[in-house]
> 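Would you mind keeping the following structure in view while I ask a few things?
Just follow the structure's listing: the first ligand is 1, and inside any ligand the first atom is 1. Values reported hereafter were calculated over all heavy atoms of this structure, with side chains retained and with hydrogens, waters and symmetry mates removed.
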Amino acid sequence: MAADSTGTATSAPPLGAEYADTASAAYRAALDVIESVEPRIAAATRKELADQRDSLKLIASENYASPAVLLTMGSWLSDKYAEGTIGHRFYAGCQNVDTVESVAAEHARELFGAPYAYVQPHSGIDANLVAYWAILATRVEAPSLAEAGVKHVNNLSEEDWETLRHKLGSQRLLGMSLDAGGHLTHGFRPNISGKMFHQRSYGTDPQTGLLDYGAVAAAAREFKPLILVAGYSAYPRRINFATMREIADEVGATLMVDMAHFAGLVAGKVFTGDEDPVPHAHVTTTTTHKSLRGPRGGLILAQPEYADAVDKGCPMVLGGPLPHVMAAKAVALAEARQPAFATYAQRVADNAQALADGFVRRGARLVTGGTDNHIVLLDVTSFGLTGRQAESALLNAGVVTNRNSIPADPNGAWYTSGIRFGTPALTTRGFGAADFDRVAELVVDVLTNTAPVGTSKAKYTLADGTADRVRAAAAELLAANPLYPGLTL
Ligand code: DSN
C-alpha cells in the first residue's frame, strides 16, 4: 500500500507500479528506435517526461495517463482507415478495428450505465459537434423529411433542401455563459457552435456565483431552445441534472450534458443520483483525457432515440477514426472500472476541498466561496493582479495553472481576473489533503509577493527570492509524490 507525503495511507498503488519494470524496458527500446531516425523527437519526448515530473501541474483539464494507456497508442492500429461504424466500414479489413471499437464502447456503456456509446470523436469539440448534428438530425431533419413525405435525405429536391437548410439554420441553443464557466463549444462566437445556432446563455447568481436554476428555467421558457446544454470547464460546483432535465422537458428541449471536466468523478461514483448526468441527459459528451485519465480524445453517450444519428458521426462530421486511440480509450475505461479508480476520484474531490480551504484560510477570495468538484477558481483581484499577471508569476515559480474569466470579469476574456486550479493530475501522483494545503500556501506566497507594473495588465514584478523559495518547496512535494515511480529511461 502506498502513502502520501504526509504519511497518510492511500489504497491505490502509484499508477502503473505493478508493471513499471516492463514499461521501462518498453520505453527505453521505443526511444532508442526513435532516436535512430530523428534524435530531436526522442530528446523532446524524454525532456517532456522530465518537465512533467518536475512541475506542479494544476491545470484542471490535464492529468497523467497510465503507461498502459500510453503504450497502447504506439501501435500499427494507427495504420488502418476505418471510416464508418462497427460492422459497416467504407474500407475492407477492419475486423480488428471493429473489435477495438466494440470493446471500448462496451466499457463505456458499462462504466457509465449508458444504453449507447460512441468512442470515435477525436476531441471534446468533435464530440460536441457530432452531438449537435445528431440532435439536429433527429429533432429537425427527420421530422421535416417526414412532413415532406420524403424517406431519405438522398431523395430531397433542391426546394426541399432549401426548406431544410432554413429549418436547420434557425435552431436555438441555451448554454452556460463563458464567464460563468461555460465552454466555447456551448454556442460562442469563436466556435462553429456560435455560428450554427441562435445562442443565448445563462449565468450564475451575482451574489453567490452559484447556478440559479430558476433563472435557467426562466431563460428556457422565454428562449425555447432546441438544445439546453449543461456542463462547464470552469465552474467549481456540482450541477443537479435532474433539475436541468425538468427544465428541458418543460420547454421541449433536448438536454445535452458536456461532462468533459468531471467525467472521472462520474466514473468514480463521486457524482451519483441527480449529479450523475448520464441517466438524465438525452446526450452526454466528454473528453477522455481530463479527470477520466485516458488518452486525448472524445466520447459520446446517448439515449436510444439519438443513437442512430450519433453513430453516423463519421463521415458526417468526423474524419476517419483513430483506432490506436480507441484502443487506448478501451484500456483507460477498463482501468476506470477498477475499485482503485473510485478511490482516486474521491481523493480528487477531497483534495480540491483541501486546496479551497487552504486558500480561504489564508484570506484569498474564491468564486462561489469554495468547491465541491475538482476545480478551484481564485479571484486574483484580491491580490491586486490580473489573471495574466498571476499566471505568469506562478509559472515563474514553477506552478503551472491557467488564467480564467470570473463572472462579470472586469479584465475581459484575455487578461481575466481568475486563476483556475484543478486537482486530477497531482492526485494521480499521490498528493493528499496536506500536500494541497501546502500548495495553497505556496500559491498565496507567490501572489502576495507579485506586484503589477504601472497600469499594465500583463507586466509584473516578483519579489526577490520568491521564485527560488517556492520552487524548492514544490520540489520537495514533487519528490515525495513521484510521477511514474519505477519508470526509468
Ligand atoms: N481546454 C479545456 C480546458 O482547459 O478546460 C476545455 O476544452
> What is the minimum heavy-atom distance between Ser177 and Phe188, and which atoms define it?
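That closest heavy-atom pairing would be CA-CZ, 3.7 Å.
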
> Taking the six-membered ring of Tyr344 as reference, does the NZ or CZ atom of Arg293 fall below 6.0 Å from its centre and within a 45° cone about the axis?
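So Arg293 does make the cation-pi contact.
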
> Under 30°, 30 to 60°, or over 60°: which ring-plane class applies to Phe271 and Phe262, parallel, tilted or perpendicular?
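Phe271 and Phe262: tilted rings.
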
> With a 4.0 angstrom cut-off on heavy atoms, strictly below it, pick out the residues next to ligand 1 and order them by chain and number.
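Around ligand 1, where the cutoff is 4.0 Å for heavy atoms, the contacting residues are Ser61, His183, Ser233, His261, Lys290, Arg420.
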
> Would you indicate whether the side-chain heavy atoms of Val229 and Thr185 approach each other to under 4.5 Å?
no

> Does CZ in Arg362 sit with more than 12 non-hydrogen atoms of other residues, nucleotides or ligands closer than 6.0 Å?
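Correct, the count exceeds 12.
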
> Evaluate the ring planes of Tyr116 and Tyr118, with Trp represented by its six-membered ring, and classify them as parallel (under 30°), tilted (30 to 60°) or perpendicular (over 60°).
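The rings of Tyr116 and Tyr118 lie parallel, inter-plane angle below 30°.
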
